[in-house]
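Beneath this line is the structure, given in structure tokens, with notes to follow.
Only this structure's heavy atoms are used, side chains among them; waters, hydrogens and symmetry mates stay out. Source: prediction; values computed, not measured. Below, read A as the first sequence line, B as the second, and so on, with proteins coming before strands; counting in each chain starts at 1.
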2 protein chains.
Amino acid sequence: MTIRSIQRALQVLQALNCQPSSTIAALHQTTGLPKPTLVRILRTFEADGYVENDSRQGGYVLTARVVSLSAGFHSDPLVVEAGRAWAIALTRKHRWPISIALPDTDAVVVRFSTVPDSAMSPFHKTVNMRLAWLTRALGLGYFAFAPDDERELILSMLRNDQQAENDLARQPQMLDRLISGIRARGFATRAEYVEPRNSDTIAVPIFGQGGRVLASLGITYFRSAFPSATEACGRYVPILQAASREISEEVARILCAVHGKSPDTPPDLPN
Amino acid sequence: MTIRSIQRALQVLQALNCQPSSTIAALHQTTGLPKPTLVRILRTFEADGYVENDSRQGGYVLTARVVSLSAGFHSDPLVVEAGRAWAIALTRKHRWPISIALPDTDAVVVRFSTVPDSAMSPFHKTVNMRLAWLTRALGLGYFAFAPDDERELILSMLRNDQQAENDLARQPQMLDRLISGIRARGFATRAEYVEPRNSDTIAVPIFGQGGRVLASLGITYFRSAFPSATEACGRYVPILQAASREISEEVARILCAVHGKSPDTPPDLPN
DNA sequence: TGCCGCCGTTTCGCACTCCGAAACGGTGCG
DNA sequence: CGCACCGTTTCGGAGTGCGAAACGGCGGCA
């Protein structure tokens with residue numbers, strides 16, 4: 001059971017967003033709600049500071065505070081929203097768990113993972129796991145493709161960090177060699193010397209409009225399932241890269257559709 | 001009387017905006033609402049597509065659709081929000097009505113006016129009145145200070161327009177002379193040959209951060225109240241310009257405070 | 001001037017919607 | 001195995017939100 005008054009309130013909020021200012025009559029017209037109901041809803045918004053009612057402005061007007069209702073929505077979750085379907089599809093087809101990681105100050109954070117869907121997974125729970133920038137596949141898969149200024153910003157944070165996993169931040173030459181290798185190959189893998197040794201992750205960047213990296217997309221598998229890492233990469237890198245491109249397009253599509261209220265059309269999933 | 005369920009819903013929406021993903025327990029913690037209530041509210045949001053609940057993401061997550069709750073909020077109404085207090089104060093002190101106008105394609109639109117507060121007003125209702133770009137003070141007060149590309153865009157719309165008031169768009173030399181005069185003086189007045197002849201308006205631009213024009217701010221008076229237009233301008237232009245500067249600062253202040261939930265602190269009004 | 005129509009708001013009594021304590025099923029942990 | 005915690009469901013009661021109707025104000029019109 002859903003709460004009717006809330007749905008109506010959201011409906012009114014949407015309507016208010018369509019015009020610089022709205023009269024009761026106009027809202028009544030577009031939402032179909034009875035006028036006393038509208039007055040009550042608007043009075044509630046007003047009490048909380050989301051709208052103001054001023055005859056000098058010709059009715060009810062949104063205030064700057066409405067922004068706080070969606071201010072926390074970077075495009076961060078967007079890439080998860082867009083990527084989820086492909087990640088699930090990939091896991092269904094190839095068995096191994098897929099993860100999407102996003103930057104968060106001094107590490108990347110796994111924001112989505114199909115570990116619960118994958119019978120064969122080296123980990124139990126991965127969501128919200130923080131992974132080091134310079135040793136983990138998902139960290140490097142983002143870092144290596146980030147623009148120079150962003151990389152420099154991250155490094156400046158890591159240099160003050162005592163964690164052994166961030167040692168590379170203090171070894172510019174080695175780091176440069178690692179990064180240019182990753183950029184040349186188009187994907188990153190986990191450093192060999194970090195735990196757990198029995199598994200590996202391959203990660204590729206997901207790009208947004210304008211070519212900026214939004215996130216990294218990774219697949220994790222047991223090393224024992226393949227004769228060599230090269231073999232595994234040869235198999236999964238093209239798949240990840242294709243998925244990454246599709247996710248980028250889906251992000252663009254969602255961004256365009258945000259204003260419309262059309263129901264979500266399910267994307268064409270890989271078969 | 002306000003509607004409790006809506007207030008709670010907004011509260012939850014705010015909380016969701018503070019974290020990439022939220023569990024029921026976390027929301028219960030921060031909002032203090034009973035868990036069954038939270039579940040109902042979240043289910044409502046989910047039904048309308050504003051949040052998604054996915055264990056793979058570790059709880060409830062906002063979707064791109066939340067943006068539509070504040071997408072209509074350009075910084076347009078913001079300048080009105082910021083300017084209202086000063087406009088009212090100016091009218092109280094100087095009697096004449098003050099208006100704030102914003103661009104809307106082929107004209108400017110009065111979005112705020114103290115006409116209702118002013119006993120002495122040449123007009124009855126002004127809000128939502130559309131004023132021609134090149135003959136009205138509020139149009140010119142914006143146009144003359146807009147960047148070149150924006151001016152060119154507006155002109156390209158006006159050139160196809162049959163309205164007599166937009167004739168100047170087809171007379172580049174005369175227009176240039178008019179515009180550079182306005183820029184030099186720092187304010188605009190209504191063209192002498194348009195109605196109503198018994199009144200005049202003086203308008204100045206309101207600038208945003210980065211020096212872009214946000215709106216124009218105008219005062220309207222009966223010509224018969226002054227021996228000459230020069231006299232009126234000499235008196236009111238400094239006042240309008242000072243108010244414009246204050247409003248710009250207020251806009252900046254609101255923009256900074258948007259995320260915080262601190263109650264609106266009333267600005268220092270001119271005495 | 002007086003009448004009419006429209007608009008935003010308030011009233012008020014009833015119905016039903018929303019509420020939340022309690023219980024439930026699941027999962028991870030010691 | 002028992003415990004603790006978490007998200008979700010149940011369910012009966014009451015308080016909350018509902019909307020038809022009425023109100024007051026304003027502007028237009030004759």
Side-chain angles (χ1 to χ4, degrees), chain A residues 1-13 15-16 19 21-48 51-61 113 115-119 121 123-129, chain B residues 1-13 15-16 19 21-48 51-61 113-119 121-129:
Chain A
M1 210 39 148
T2 58
I3 300 177
R4 187 175 52 162
S5 58
I6 294 178
Q7 291 182 305
R8 291 174 158 193
L10 294 172
Q11 200 182 341
V12 172
L13 211 45
L16 285 169
Q19 250 113 31
S21 84
S22 313
T23 61
I24 293 279
L27 292 171
H28 175 62
Q29 180 83 17
T30 59
T31 64
L33 297 175
K35 290 197 271 179
T37 300
L38 288 168
V39 171
R40 265 193 302 270
I41 291 173
L42 289 165
R43 187 186 300 149
T44 304
F45 286 150
E46 204 175 359
D48 286 12
V51 310
E52 290 188 334
N53 179 15
D54 191 336
S55 65
R56 287 173 293 239
Q57 289 166 69
Y60 291 86
V61 191
S113 163
V115 159
D117 300 305
S118 169
S121 167
F123 299 100
H124 291 297
K125 99 175 227 278
T126 45
V127 171
N128 292 328
M129 208 182 234
Chain B
M1 213 38 148
T2 59
I3 300 177
R4 186 175 53 163
S5 58
I6 295 178
Q7 291 182 305
R8 291 173 159 196
L10 294 172
Q11 200 182 342
V12 172
L13 211 45
L16 285 169
Q19 251 112 29
S21 83
S22 313
T23 62
I24 292 280
L27 292 171
H28 174 62
Q29 181 83 18
T30 60
T31 64
L33 298 174
K35 291 198 269 182
T37 300
L38 288 169
V39 171
R40 267 193 302 270
I41 291 173
L42 289 165
R43 189 186 298 148
T44 304
F45 286 151
E46 203 175 2
D48 287 10
V51 310
E52 291 188 333
N53 178 14
D54 191 336
S55 64
R56 286 174 294 238
Q57 289 167 68
Y60 291 85
V61 192
S113 163
T114 59
V115 160
D117 300 304
S118 169
S121 167
F123 298 100
H124 291 299
K125 95 177 229 278
T126 44
V127 171
N128 291 328
M129 206 184 236

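A distance of 5.5 Å separates CG of A:Leu38 from CD1 of A:Ile24, quoted to the nearest 0.5 Å. Annotation: the span from A:Arg8 atom CZ to B:Ile3 atom CD1 amounts to 9.0 Å, rounded to 0.5 Å. Distance CZ/B:Arg43 to CD1/B:Ile41: 11.5 Å, rounded to 0.5 Å.
One can place CG of B:Leu27 at 15 Å from C1' of D:dT8, the figure rounded to the nearest angstrom. As a whole-Å value, the separation of B:Asp54 CG from D:dG7 C1' is 15 Å. Per the geometry, CG belonging to B:Leu42 stands 8 Å off P belonging to D:dT8, to the nearest Å.
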With sugar-phosphate taken as primed atoms, P, OP1 and OP2 and all else as base, the protein-contact string of nucleotides 12-24 of chain C at under 4.0 Å (heavy atoms; B, S, -) is -----SSBBBB--
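A side chain to side chain donor-acceptor pair (under 3.5 Å) check over residues 22-41 of chain A, counting only residues at least two apart or in different chains, returns nothing.
You'll find the side chain of A:Val61 stays beyond 4.5 Å of the side chain of A:Val51, heavy atoms only. For the pair A:Leu16/A:Leu42, a side-chain contact is recorded, criterion being any heavy-atom separation below 4.5 Å from C-beta on. B:Leu27 is not listed as a side-chain neighbour of B:Leu33, based on a closest heavy-atom distance of 4.5 Å or more.
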Distances for protein N or O near nucleotides 4-8 of chain C N or O, under 3.5 Å:
unit_1, atom_1, unit_2, atom_2, d
C:dG8, OP1, A:Ile24, N, 3.4
C:dG8, OP2, A:Ala25, N, 2.9

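Among all heavy-atom pairs drawn from A:Thr2 and B:Ala47, the shortest one is CG2-CB, 3.8 Å.
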If you apply the rule side chain to side chain contact (heavy atoms under 4.5 Å, CB included), what do you find for B:Asp54 with B:Tyr60, and how did you get there? CA-CA 7 Å; B:Asp54 191 336; B:Tyr60 291 85; over 6 Å; no
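Taking A:Asp48 as the reference, A:Tyr50, B:Gln7, B:Leu10 meet the side-chain contact (heavy atoms from CB on, under 4.5 Å) condition, with sequence neighbours excluded.
Each end of the helix from C:dT1-D:dA30 to C:dG30-D:dC1 gets its own axis from five base pairs, and the two axes differ in direction by 30°, given to 10 degrees.
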